[in-house]
Peer 1: 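Supplied in structure tokens, the structure appears directly below.
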Amino acid sequence: MLEPFAAASACLVEKSVGTTQLVAKGASVAVGAACGKVCFTAQQMDTVKMAGGRAILVKADRLDDTGVDACDGLLLVNSSTHSTAAQSARTFGSAAVNLADVPGVLSVVLEGLQSNQKLRVRAAGCGECVLRHGDDVTIDGFTGNLFRGTVVRTTARTDEDYQTLLQWAHKYKRMQVYAAPHSMEEVELAARQDAEGLAQCRTDWMFRHRDCMRLTQAVILSHSYSERCALLNKLLPLHQDMFLAIFRLFPHKDLSFRLMEASMAEFLPKVFDAVFSQAGRFVGPALDQSQAQEGEYSSSLPGRVSLDVYERHCDELATVMGLSATEVHSRILTTMPVDTRHMGFRGARLAVVHPELVAMQTRALIGAAIIAAKESDVAGALDGVVQGGLSSRLEISIPTVASDHEIEQIAPIIKAAAEEVIRDADCTVCYHIAASLEVPRSCMRADAIAHEYCTSSVTIDTDHLTWLMYGCDKHDCAMFLPTYKRLNIFPSDPFQTIDQRGVGSIMEVATTKVQAGRRGEEGRMGLAGLFQSTSPAVAAAKRDRGAVKVGVCGLHCRDPASVVYFSGQLKVDFIAPPAESVNVALILAAKAAIRESAGEFGLHLHEVL
């Protein structure tokens, strides 16, 4: 509705449109239409864009999204609609088409080295076509079709009718609609949408930011607490600047920041895969050029870096850490942890073992909030970051919580770091602590997490919860999903539409526990009694916190059936879809609320409106 589309979309079933040849009918990954020159590497793409052209990036690695943020369109040839590159394309608003495992596409072969690659596509009814770097192509993300040549694009527009529709949605919806961004680009996109705030705003990208990456890697490779803290002190101002930019984009809205969640393994493999290439042939205590040839570690291996690039990274890290390149290389080999994707040493566990990471992020966040508040002209904020300053409700969310005792350990670290900054700035700051429920055990302990440790809100991450409930992630699921759907084992993709009988059942346990605890406290003691406690600290925290909110974040928040379930059955307080789907979720939330009202009073929809 809001994306550019090919002007010839209505006749894309034709073999050719004018001088444009239909190459294949693929699968839609991200809506929109894009024309440009075929590029197989980020370097080729940069060359094309420097010359003023548009680039269509061809991707074969399902876990690599390098360059997707800068391309005009994405063509997946050995991946899936759930791949990392596909998700990034949807995030950055790039049109994308997939040719892998699509009926009618007989073969897709990527031939040659990256410096001289070509794509050979053979499709039913279209014959065989060979695409090389620099060839003009068009992809239509609405139909999934790939063309050789250029098809005229028609740009969609947001007219008054669309704005009126959004106004209606705001009027009738019951749930709040936030955005759950994973990067600064997504934060900026959410600001352009009608997001009422940010929920579970991931901060992992800050550690991966180009100005922070070497320092982050040095933190991971450091062997002592003092060495690690010295490096974190260098990271702090960089993080504070990025937090400040977010506050400036959302000066009067709810903001929930998720502490660093990623496993430390995620910060090393893409850079240092060379040491594990070729079945570990290049593994040793020193950089030995004789152990490998440049060609063995060329960029033709997805996710690998060449030996000279690896050595350059070691030199840069050696400068940052004040060590020799040989010592850095040795630490990489001994430090490299195993990446278990969405499990293992990450989230709250990382915060408990390395509290200095939590303290650094908290100091950066509170410091940025204070600066933003002083810049603001807003006065008399009731629940603002600073009294008389910025009127945003600030939350610091603890990710991947499995035990309520983890919050018991982490919350004091957050409070101590925050109070230190507040004391030095000589001001009053209002902030809250939240938690993310994404493992089954946290859902079973939702009452303790929400009510015993003064948590202001809990957010159920349906993406992570589905991964753990099914024992596979969305990348793995794409390999067998077509067969499972054909045999009706899965009626739908569980990573797109919530599985109400499986994943939904444990979500109901969590929401029921939180909501029952909320009603129980108010019912037993009354609103005034709610804040009476033998512990003054707990009483003050509950008074500042107010009622505990429960919400949902993830890809399911943009699915119509899932949003109806969240609103009607679970009755959550908010949903947080990806940034690019905020307006879609807003309209879906309004539709769900209208249907509930119609069903409750036995009315037709037009009577409710």
Side-chain angles (χ1 to χ4, degrees), residues 1-60 67-77 79 81 85-86 88-90 92-100 102 104-112 114 116-157:
M1 181 176 177
L2 302 178
E3 301 292 340
F5 58 92
S9 288
C11 53
L12 289 187
V13 294
E14 302 289 342
K15 186 172 182 179
S16 63
V17 180
T19 58
T20 304
Q21 175 191 357
L22 178 62
V23 175
K25 299 178 181 180
S28 173
V29 173
V31 295
C35 312
K37 297 188 178 299
V38 172
C39 297
F40 296 98
T41 67
Q43 291 78 9
Q44 292 176 350
M45 186 175 64
D46 291 341
T47 302
V48 169
K49 295 182 81 67
M50 286 179 63
R54 292 178 173 271
I56 304 298
L57 185 61
V58 178
K59 275 288 181 185
V68 177
D69 58 334
C71 70
D72 297 285
L74 179 67
L75 182 61
L76 300 173
V77 297
S79 191
T81 56
S88 296
R90 287 189 281 267
F92 294 112
S94 302
V97 167
N98 178 37
L99 298 181
V102 177
V105 180
L106 304 179
S107 67
V108 183
V109 181
L110 197 58
E111 302 175 348
Q114 285 192 349
N116 189 29
Q117 278 186 313
K118 58 184 177 182
L119 179 65
R120 189 180 301 274
V121 182
R122 189 162 62 90
C126 301
E128 184 174 282
C129 180
V130 177
L131 298 175
R132 296 177 173 82
H133 170 53
D135 289 348
D136 288 314
V137 294
T138 299
I139 58 174
D140 190 336
F142 289 98
T143 62
N145 290 327
L146 168 66
F147 289 85
R148 177 194 284 274
T150 301
V151 175
V152 178
R153 297 193 315 160
T154 299
T155 303
R157 56 192 177 89

Peer 1: Check whether any side-chain heavy atom of Ile56 sits under 4.5 Å from a side-chain heavy atom of Arg54, and report yes or no.
Peer 2: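 Side-chain contact under 4.5 Å: no.
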Peer 1: Using a strict 4.0 Å threshold on nitrogen-to-oxygen distance, state whether Asp135 and Arg148 make a salt bridge.
Peer 2: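 Counted as a salt bridge, because a side-chain N and a carboxylate O are separated by less than 4.0 Å.
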Peer 1: For the backbone of Gly149 and the side chain of Thr138, can you confirm whether one donor and one acceptor N or O come within less than 3.5 Å of each other?
Peer 2: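 Side chain of Thr138 to backbone of Gly149: a pair is present.
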Peer 1: Taking side chain as C-beta onward, heavy atoms only, is Val105 less than 4.5 Å from Lys25?
Peer 2: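 When only atoms from C-beta onward are counted, Lys25 and Val105 do not touch, as no gap falls below 4.5 Å.
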Peer 1: Kindly indicate whether the side chain of Ser107, heavy atoms from C-beta on, has any atom under 4.5 Å from the side chain of Arg120.
Peer 2: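 Not touching, per the 4.5 Å side-chain cut-off.
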Peer 1: So, Asp72 side chain and Ala34 main chain: donor-acceptor pair closer than 3.5 Å or not?
Peer 2: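 No, Asp72 side chain to Ala34 backbone: no donor-acceptor pair under 3.5 Å.
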Peer 1: Please give me the minimum heavy-atom distance between Phe40 and Arg132, naming the atom from each residue.
Peer 2: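 Here Phe40 and Arg132 meet closest at CE1-C, 4.0 Å.
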Peer 1: Got Val97 and Val29 here, is their nearest side-chain heavy-atom distance under 4.5 Å?
Peer 2: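 No, too far: nothing below the 4.5 Å cut-off.
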Peer 1: Identify the heavy atoms of Ala55 and Lys49 that sit nearest to each other, and give their distance.
Peer 2: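 Ala55 and Lys49 have their closest heavy atoms at CB-CG, 4.4 Å.
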Peer 1: Hey, what do you get for NE2 (His133) to CE (Met45), rounding to the nearest 0.5 Å?
Peer 2: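 Answer rounded to 0.5 Å: 11.5 Å.
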Peer 1: For a 4.5 angstrom cut-off between non-hydrogen side-chain atoms, does Leu99 reach Leu75?
Peer 2: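 Heavy-atom side-chain distance check passes, below 4.5 Å.
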Peer 1: What distance separates Ile139 CD1 from Leu76 CG, expressed to the nearest 0.5 Å?
Peer 2: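 These two atoms lie 9.0 Å from each other.
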Peer 1: Nearest 0.5 Å, please: how far is NZ in Lys59 from OG1 in Thr41?
Peer 2: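 Between Thr41 OG1 and Lys59 NZ, I get 9.0 Å after rounding to 0.5 Å.
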Peer 1: Verify, without hydrogens or angle tests, whether Ser28 (side chain) and Thr143 (backbone) share a donor-acceptor contact under 3.5 angstrom.
Peer 2: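 Such a contact is absent between Ser28 side chain and Thr143 backbone.
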Peer 1: Of all the heavy-atom pairs spanning Leu57 and Cys71, show the shortest one and how long it is.
Peer 2: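 Looking at all heavy atoms of both residues, the closest pair is CB-CB, 3.9 Å.
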Peer 1: Quick one: are Asp136 and Lys37 in side-chain contact, heavy atoms under 4.5 Å?
Peer 2: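 Yes, their side chains come closer than 4.5 Å.
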Peer 1: Show the nearest heavy-atom pair for residues Ala86 and Leu74, with the distance to one decimal.
Peer 2: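 So the minimum-distance heavy-atom pair works out to N-CD2, 4.3 Å.
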Peer 1: Is any side-chain heavy atom of Leu119 closer than 4.5 Å to a side-chain heavy atom of Val109?
Peer 2: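 Not touching, per the 4.5 Å side-chain cut-off.
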Peer 1: Which distance, rounded to the nearest 0.5 Å, do you find between the CD of Gln21 and the SG of Cys126?
Peer 2: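 Result: 8.0 Å between the selected atoms.
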Peer 1: Taking the side chain as every heavy atom from C-beta outward, state whether Val38 and Lys118 have any atom pair closer than 4.5 Å.
Peer 2: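 Not in contact.
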